[in-house]
There are 2 protein chains.
Amino acid sequence: MLHALVGTLGKYVSLTQEEIDVIASLFSFRTFRKRQYILQEGEINRHETFIVKGVTRTYEVDEKGQEHIVQFGLEDWWIGDLYSFLTETPTKYNIDCIEDTEVFQITKTNLEALYEKVPKMERHFRIIIQNAFIASTNRVASSLVKSAADRYLDFIAQYPQIEQRVPNHQIASYLGITPQSLSRIRSQVNKK
Amino acid sequence: MLHALVGTLGKYVSLTQEEIDVIASLFSFRTFRKRQYILQEGEINRHETFIVKGVTRTYEVDEKGQEHIVQFGLEDWWIGDLYSFLTETPTKYNIDCIEDTEVFQITKTNLEALYEKVPKMERHFRIIIQNAFIASTNRVASSLVKSAADRYLDFIAQYPQIEQRVPNHQIASYLGITPQSLSRIRSQVNKK
DNA sequence: AAATTTCATTAACCTAGGTTAATTTTCTCT
DNA sequence: AGAGAAAATTAACCTAGGTTAATGAAATTT
């Protein structure tokens, strides 16, 4: 379990045994059941969460009660509402598990301690966030430029693992369309 | 000029005079005219750019030749295609100036040198990117959840300075709608 | 200041994707 | 294995926003 975390934390910077011990002391391990919430709207997101095993979804509920998936989470990904975590204000997102999920979590205090004790983690997290920002920028650009059908094809090309493990109506939600529209798009794609 | 840069670089971390001198030695100052490109599609983005004065737009051109604005840039903001900058691959974006614009720029080599010589800059840029990522996540969420009219109202509430300085058809492009639709939305908003 | 280009607005018509509803297929739980 | 719930599909109809086109108002350029 721990080696999945350490392997990823050591991806952009190399770590000594002492540093690994510090890391082990500052994170906690948790398991969640399928359907279980990791975070609910209105709570303050007290942990950033690293997925060891499982699949999660982060979604917003609009005034009509409809769910809109903002992000999926898979093995080795970080999830959590960074804004709520950093500002200690209530989140507007919900995060729950699509499969049984195992995670490591770190609090804000412990993350700050980690930056103090292992300064190179500052670099690690800068790079993690940089990559997340680039992915998010690309998603904005593609929502401006591309049709729903193209976004669907891009999605299955980019995240084939997710397509296998997540029901279609949740992929539709991620793409910003209805399940009916996705079904229509899929049947048109299959014709060709 | 330099104090605008240093003021911002010192926003999240405090700086000594030596550190300020290092910063001054690693950045270069440039001016661009209105309409002038800072970056063009196909180039490698060799600099991250800090705006001292002026307004910029970052946009993608689709296969039909239509422009889609991904980001505006204003005083004290960082612009540039981070992906192209970091991976040294050709960018798909164009950046040009909506007004005459003054900037500080830093190359990848010099940014790495800055991280070596002033390690606390690693923290500064982590926070900058963190904020940009949060803004981008919110933009994804609002494009999934909100109507064009609501996105327009959010935009003018959040960036009143941009609304003053940027023509409407470019705001329409940023919102992902046509100038005609924006005009229709604006006339409906004014009725109420 | 005249000419030209760029921008904003309005209107008629069109289309991608939404809505509602019914049917079938696939999960999930006992 | 069988009942009930959740998910996927299809079809008829609807709507937000796109497209095309025309007109006038502002900016720029000469």
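Quick note on labels: first sequence line is chain A, next is B, and so on, each numbered from 1. What you see below is based on every heavy atom in this structure, not just the backbone, and it leaves out hydrogens, waters and symmetry mates.
B:Arg151 places a side-chain N or O within 3.5 Å of a backbone atom of B:Leu175 that can act as its donor or acceptor partner. Looking only at distances, no side-chain donor or acceptor of A:Asp81 sits under 3.5 Å from a matching main-chain atom of A:Tyr93. No donor-acceptor pair closer than 3.5 Å links the side chain of A:Thr89 to the backbone N or O of A:Ser84. Side-chain N or O atoms of A:Lys120 include one that pairs as donor or acceptor with a backbone N or O of A:Ser14 at under 3.5 Å. With hydrogens and angles disregarded, no donor-acceptor distance shorter than 3.5 Å links the side chain of B:Thr91 to the backbone of B:Asn45.
Phosphate proximity of C:dA8 to B:His169: present, with a side-chain N or O under 4.0 Å from OP1 or OP2. Between B:Asn168 and the phosphate of C:dA8, there is a side-chain N or O to OP1/OP2 separation shorter than 4.0 Å.
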Practice task
Apply side chain to side chain donor-acceptor pair (under 3.5 Å) to B:Arg57 and B:Tyr174, showing your working.
Solution key: CA-CA 9 Å; B:Arg57 60 204 262 261; B:Tyr174 178 88; over 6 Å; no

Practice task
Run the numbers on B:Trp78 and B:Phe125 for ring pair (Phe, Tyr, Trp, His ring centres under 6.0 Å), then give the verdict.
Solution key: CA-CA 10 Å; B:Trp78 287 92; B:Phe125 282 95; 5.3 Å; yes

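For the helix from C:dA1-D:dT30 to C:dT30-D:dA1, the end axes, each set by the C1' atoms of five terminal pairs, are bent relative to each other by 70° (nearest 10°).
First and last contacts of DNA chain D with chain B, using any nucleotide atom under 4.0 Å from a protein heavy atom and ordered 5' to 3', fall at D:dG17 to D:dT28.
Between the CD1 atom of B:Ile171 and the P atom of C:dT9 there is a distance of 11 Å, rounded to whole Å.
Atom OH of B:Tyr83 is surrounded by 12 or fewer heavy atoms from other residues, nucleotides or ligands within 6.0 Å.
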Look for any protein N or O under 3.5 Å of an N or O in nucleotides 25-30 of chain C and output each such pair with its distance, or none.
| unit_1 | atom_1 | unit_2 | atom_2 | d |
| --- | --- | --- | --- | --- |
| C:dT28 | OP1 | A:Lys34 | NZ | 2.7 |

